[in-house]
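The chains referred to below are lettered A, B, ... by the order of the sequence lines, with proteins before strands, and numbering in each begins at 1. Computed over heavy atoms, backbone and side chain alike; hydrogens, waters and symmetry mates excluded.
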2 protein chains.
Amino acid sequence: MVSTADREDWAVLDECERGVIELFVSVADVLGFPRSLGEIYGLAYISPLPIHLAEVCGRLSLSKGSASQGLRTLRDLGALKPVYVPGDRRDYFEPEIKIRVLLYQLLSERLRPHLDRSAGALEELDESARRCSPALAPETAKFRRERVELLGAWRKRVSTVLPIVQRILK
Amino acid sequence: MVSTADREDWAVLDECERGVIELFVSVADVLGFPRSLGEIYGLAYISPLPIHLAEVCGRLSLSKGSASQGLRTLRDLGALKPVYVPGDRRDYFEPEIKIRVLLYQLLSERLRPHLDRSAGALEELDESARRCSPALAPETAKFRRERVELLGAWRKRVSTVLPIVQRILK
DNA sequence: CATTTAGTTCAAATTCTCTTGAACTTTGTG
DNA sequence: CACAAAGTTCAAGAGAATTTGAACTAAATG
């Protein structure tokens, strides 16, 4: 084995690469994702070939731990897709570049689970409202029941609109 | 003035109120807002009367600083609306409860500014790509120009879809 | 089967965000 | 005009989220 085997030196990011990565970092920020996710996706996006762990560490100066976690999260989100490279043991990834798919998966992974959880929470809330009612002035109890009902209506509305939005993105 | 003037004791939240507030805390979480915003909006949402600063501090055990900031942020987002109460110097707020309006304002305040900023960033990127081209293999330079162009297409697409979504929420 | 390489895991450290609380401004009251 | 009440501001503290790095597992190689 050559002496430089485990300490490959990766090319420093040029202006254009930095710009693209910066843009994705700001997108990650808006979406509430950690900076490193934006960096990794950005690198994948502007790289002509699939990327792999060591490259991410080397070119972005991220620790192996961060890079590994980041790659996994992005794969789980569907933002990076595994690519099989024959004769190479490393895991390569290329970016999903269809905005429709990206947004669809984002909505599915983030909003949908919350909507599902809240369905259960709303039922419990309904019971809570009922349980608390006797201790309250009748008009207060009524007001609360209405507000809790409204929450249910909101949930329904968002649940209905979500698939439509996803379809529009087509 | 009575001795208890500045140390009013507010009713402890009952089960139903806690439940509603908890739900909004989880919404805030999904949207990447601080917990306190969820709590304050939740309190306003389940309160039959407009709320004010001291009430927020007292019932949610938040500091005056947090409450003040939180109320302002929610007002800026359009999630809380100022209510004038004659003969009372305090600032009262009631919640915006039209989901359409809430979501519309959320999209406008969060996504729109980012889209606008990115328009400028993309132009610069385009120049960057051009500047970096001479130093690259022709096919790499071409690949980059395409990817940068694609970013522009994404932005356009999202900019187009956003108003449509807002209209659907009608 | 010992060694090397790819990748994962997780506790500790770091960094960043949010909250607190005290000082301050402003406005109303006697 | 002194005082009280409402609200703001912001530096410092507390807390949460992210990143690191070292120890680990798994798989390939000779």
>> Show every ring pair (Phe, Tyr, Trp, His ring centres under 6.0 Å) that has at least one partner inside residues 106-127 of chain A, sequence neighbours left out.
In response: none
> Which residues within residues 23-47 of chain B lie with some heavy atom under 4.0 Å of an atom in DNA chain C?
Replying inline: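 The stretch gives B:P34, B:S36 as the residues lying under 4.0 Å from the strand, ordered by number.
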> Who are the ring pair (Phe, Tyr, Trp, His ring centres under 6.0 Å) partners of A:F33, not counting sequence neighbours?
Replying inline: none
> Which residues pass the ring pair (Phe, Tyr, Trp, His ring centres under 6.0 Å) test with A:H52, sequence neighbours left out?
Replying inline: A:W10, A:Y92
>> B:R112: which residues meet the side chain to side chain donor-acceptor pair (under 3.5 Å) condition with it, sequence neighbours left out?
In response: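 Partners of B:R112 by the side chain to side chain donor-acceptor pair (under 3.5 Å) criterion come out as none, since no residue qualifies.
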>> My understanding is that only residues two or more places apart in sequence, or in another chain, count here; which of them pass side chain to side chain donor-acceptor pair (under 3.5 Å) with A:S128?
In response: B:E15
Could you go through residues 139-161 of chain B and list every donor-acceptor pair under 3.5 Å that involves a side-chain atom there, pairing it with any protein atom two or more places apart or in another chain?
unit_1, atom_1, unit_2, atom_2, d
B:K142, NZ, B:E146, OE2, 3.3
B:R144, NH1, A:D14, OD1, 3.2
B:R144, NH1, A:D14, OD2, 2.8
B:R144, NH2, A:D14, OD2, 2.9
B:R144, NH2, A:E17, OE2, 3.3
B:R147, NH1, A:Y45, O, 2.8
B:W154, NE1, A:I97, O, 3.4
B:R157, NH2, A:I168, O, 3.4
B:R157, NH2, A:L169, O, 3.0
B:S159, OG, B:R155, O, 3.0
B:T160, OG1, B:K156, O, 2.6

In residues 64-87 of chain A, what donor-acceptor pairs under 3.5 Å come from side-chain atoms, sequence neighbours left out?
unit_1, atom_1, unit_2, atom_2, d
A:T73, OG1, A:Q69, O, 3.0

> To the nearest Å, how far apart are A:E55 CD and C:dT5 P?
Replying inline: 18 Å
> With the sugar-phosphate defined as primed atoms, P, OP1 and OP2, and the base as all remaining atoms, what B/S/- string results for nucleotides 6-11 of chain C, 5' to 3', for protein heavy atoms under 4.0 Å?
Replying inline: SBBB--
>> Does atom CD (B:E22) have a neighbourhood of more than 12 heavy atoms from anything else shown, all under 6.0 Å?
In response: no
